[in-house]
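Just so it is clear: chains get the letters A, B, ... in the order the sequence lines come, proteins before strands, and each one is counted from 1. None of these values were measured; they are calculated from a predicted model.
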Amino acid sequence: MTNLLEQLQKEVASVAEQLYATSFDAASIKIDKTPPDFDGEFTVVVFTFVKASRKSPEATANELGAALMAGFSLIKSFNVVKGFLNISFTDDCWLEILSEIHSAENFGQLPSTGKQVVVEYCGPNTNKPLHLGHIRNILLGYSTANILNAAGHSVHKVNILNDRGIAICKSMVAYKRNGNGSTPASIGMKGDHFVGKYYVEYSKIIEAEISALMNDTDISKDAAEKQAPIYLEAQEMLLKWEAGDSEVMALWNMMNSWVYSGFDITYKLIGIDFEKEYKESEFYLNGKKMVLEGLNSGAFFKKEDGSVWVDLASDGLDQKVLLRADGTSVYITQDMGVAEERYRDFTFDESIYVVANEQDYHFKVLKLVLQKLGRKYADGIHHMSYGMVDLPEGKMKSREGTVVDADDLIEGMVSEAMDFLASSEKNAELNETEKQTLAHDIGMSALKYFILKVDPKKRILFNPKESIDLHGNTGPFIQYAYARIRSILRKIDEVKVNIQVSIGTGLMPAEKELIIILSQYPGIVKLAAETYSPAEIGNYLYLLAKKFNSFYADHSILKAESEEKMHLRAVIALHVSLVIKHGLDLLGIHSPEKM
RNA sequence: GGCCCCGUAGCUCAGGGGAUAGAGCAACUGCCUUCUAAGCAGUGGGUCACUGGUUCGAAUCCAGUCGGGGUCACCA
């Protein structure tokens, strides 16, 4: 019963086999949901059978329909339009399905697969605050982890902190020059913004120095950049860092700790968490060891200048450097070390990297390199490649100051939701704190849904001048449907109505439609997990909420025609609300009880 | 230039072999003494970039063309 569609496929296959003495693979039989303009719930596409039947599509469809009716008691009726066999199931069949949903322990949670899955997301640099690009990454990562968990996997959310390298040194150098011992606390600034301020300051200083050099001497801009005093200072600081200079390490630790405390605030605002955070500074040396191991095993080779390379020509890629001539590590070396550690930590079956598609090439290389080192776990590496966020003018560029800051964006959305609350007579009974909480839930919902409803693979266009909607195909729309249902259910609880499904009540089309949509939910969770696509959940929830709202406008639940109808509708509404809540949870969106 | 991704309504997006291509926003009409109007019902809006091919059937698959983006660093 739980999978009506599969059952129907099998029935069709066996009926067709009897009629036409040809065997058909049940799973390959094409059955769609019947489009709204036609009568029925499922549609069998009969073109695949006409060759065997040697009859017209219509005759074949009629023949199959009659045979199905005769042998399959759940079918109420069928009709044929051209090559399409539309099938209706009995009301009792759908009520039975509703009853199954009603008695399910945790509808939408799929049985355990026993698989260990790691999801890495966020991956910030520690020299500046998070921006809109990180927000998409964070939302996709967190939501995908939830979805994989609902699909039965054992999921571990991890972060990777790019905490070393020239970028952080730039902030450090600028701070040393102009910081005057100030701290985030002393000037009342969030730690990541504080450090980011000096990163911006570095750019200003070097630009001044470059133009001074170019005025004094006749050199190119590129050359001037490499001679600028602050650039040389940053380089020197990087070397000192690698040498473990205690003064540099102290500064580095202090500034990074400021950044982390800033990030933590943002993570909390968004409502996400990590089981473990990996710092690249702690693992890049392991990566180096792995490169040397590959050199010894012959997987990699050394060039005359001492640099170490891997040849990926046989895999359709180029040669790739793994270790510089001076022995320092490159980006990929660090990822190798972290991957190894991660396998030690979780012995994962699958390790998912949520990283923008500009790094497609990098992850192909990482996987191949680990495979060449004989790491079996490399087969489980999956790059969840998502499209970047564009502004109307194109890509966000931190140097040109066009980045949309994460904290600003969040604050803007929440205050917009707050404005809406203030302008409405509803929610007047809430106190200021409750209003803030609600505005946060709604504003974040609008932002999260705006990003998550789009297919992860596609790029997103964000126009900072147009605020994100609170109406229509939005997060608040779905939340609203939930809040309306909760309001009704609270009233039912008051009169202690015992909610149960009674088989034998008839079903109106709108009631049946909601049951059908509800029954699809576990399949949607599975699909979202298989395709790594929170958008599947988002689109489904919108459809569900929309159909419920439509139902709500036409039919009263509390004042239904009969007691029996009231129970039935209450059960349907209850499960619409539970699925909405479950689905919104997967997206990291709260479901307010009132709004 | 090589490789990869993307072109669907004015805008933002669904649909990814199946019937007459759908939503939201924006514009315009109606609907709150009835379970929350952040809602519902409706109107207008399309050469699914273009050309060819495969198929009973193509927005969907294949090839090419045009347009947009990414990448091909001893940057991360």
Side-chain angles (χ1 to χ4, degrees), chain A residues 30 32 34-38 43 45-48 50-51 57 81-84 86 123 125 127 162 164-167 280 303 305-309 316-318 320-332 334-335 356-362 364 385 387-388 390 394-395 417 420-421 424-427 442 445-446 450 453-455 457-463 466 468-481 483-492 535-536 538-539 542-543 545-546 548-560 566 569-570 573 594-595:
Chain A
K30 181 89 180 143
D32 294 328
T34 305
D37 300 353
F38 300 91
T43 296
V45 182
V46 301
F47 291 104
T48 35
V50 295
K51 218 174 185 179
V81 182
K82 294 193 257 179
F84 300 96
N86 301 320
N125 292 329
N127 63 320
N162 303 295
R164 52 168 234 114
I166 191 72
E280 273 190 354
K303 287 199 177 173
D305 64 1
S307 58
V308 180
W309 295 69
L317 304 178
D318 295 324
K320 191 83 189 163
V321 68
L322 300 176
L323 220 53
R324 293 193 186 99
D326 64 7
T328 57
S329 65
V330 292
Y331 182 48
I332 195 161
Q334 313 171 17
D335 268 344
N357 61 16
E358 62 183 346
Q359 293 196 38
D360 286 357
Y361 186 81
H362 170 74
K364 272 185 200 158
S385 166
M388 298 203 281
D390 282 334
K395 214 176 153 177
F420 186 87
L421 279 183
S424 156
E425 289 118 50
K426 288 198 279 188
N427 307 300
I442 293 170
S445 149
F450 174 82
K453 75 171 174 181
V454 181
D455 180 345
K457 290 197 286 292
K458 298 195 176 174
R459 19 175 242 163
I460 280 186
L461 185 77
F462 177 80
N463 190 343
E466 295 168 15
I468 296 171
D469 270 310
L470 301 174
H471 302 267
N473 186 358
T474 65
F477 176 97
I478 298 166
Q479 289 176 311
Y480 185 61
R484 277 174 145 183
I485 296 173
R486 292 301 304 158
S487 169
I488 294 168
L489 294 177
R490 276 192 298 272
K491 285 173 186 163
I492 291 177
E536 296 289 352
N539 290 330
Y542 176 63
L543 176 74
K546 198 173 157 54
F548 177 79
N549 280 338
S550 187
F551 175 87
Y552 178 94
D554 293 337
H555 308 285
S556 178
I557 293 168
L558 296 177
K559 291 177 188 158
M566 196 265 264
R569 289 180 184 167
K594 297 177 184 174
M595 67 186 278

Listed nucleotide nearest any side-chain atom of A:Ile442, set B:C6, B:U71, B:A38: B:A38
Closest non-hydrogen atom pair between A:Ile492 and A:Ala570, with its separation: CD1-CB, 3.6 Å
Short side-chain N/O contact to B:C56 OP1/OP2 from A:Lys82, under 4.0 Å: no
A:Phe47-B:G18 aromatic stacking (under 5.5 Å, under 30°): yes
Side-chain donor/acceptor of A:Lys426 to base of B:G39, under 3.5 Å: no
B:C75 OP1/OP2 closer than 4.0 Å to side-chain N/O of A:Arg324: yes
Secondary-structure stems, RNA chain B, at least 3 Watson-Crick or G-U base pairs under 3.5 Å: B:1-7 with B:66-72, B:10-13 with B:22-25, B:27-31 with B:39-43, B:49-53 with B:61-65
Phosphate-side-chain proximity, A:Lys546 and B:G39, N/O vs OP1/OP2 below 4.0 Å: no
Heavy-atom check, side chain of A:Asp318 versus side chain of A:Tyr361, under 4.5 Å: yes
Along RNA chain B (nearest heavy atom to each residue), the more 5'-positioned of A:Lys364 and A:Ser424: A:Lys364
Syn/anti label of B:C62 as read from its glycosidic torsion, with the cut at 90° from 0: anti
For A:Ala446 against A:Ile468, the heavy-atom pair lying closest together: O-CG2, 3.7 Å
side-chain N/O A:Lys559 vs B:C35 OP1/OP2, d < 4.0 Å: no
pi-stack flag for A:Tyr480 and B:G39, centroid dist under 5.5 Å, interplanar under 30°: no
Which atom of A:Ser556 lies closest to which atom of A:Arg569, heavy atoms considered: O-NH1, 2.8 Å
Atom C1', compared across B:U43 and B:U51: separation rounded to whole Å: 36 Å
Nearest-neighbour nucleotide for the A:Val45 side chain, B:A76, B:G18, B:C13 considered: B:G18
Plane angle bin for A:Phe84 and A:Phe47 - parallel if under 30°, tilted between 30 and 60°, otherwise perpendicular: perpendicular
A:Asp360 side chain to A:Ser385 side chain, donor-acceptor N/O pair below 3.5 angstrom: yes
Given B:A76, B:C13, B:C40, the nucleotide with the shortest approach to the side chain of A:Asn125: B:A76
Given RNA chain B, 5'-ward residue of the pair A:Gly165 and A:Asn427, judged by closest heavy atom: A:Asn427
Stacked pair A:Phe84-B:G18, distance under 5.5 Å, angle under 30°: no
Donor-acceptor contact below 3.5 Å, side chain A:Asn162 vs main chain A:Gly123: yes
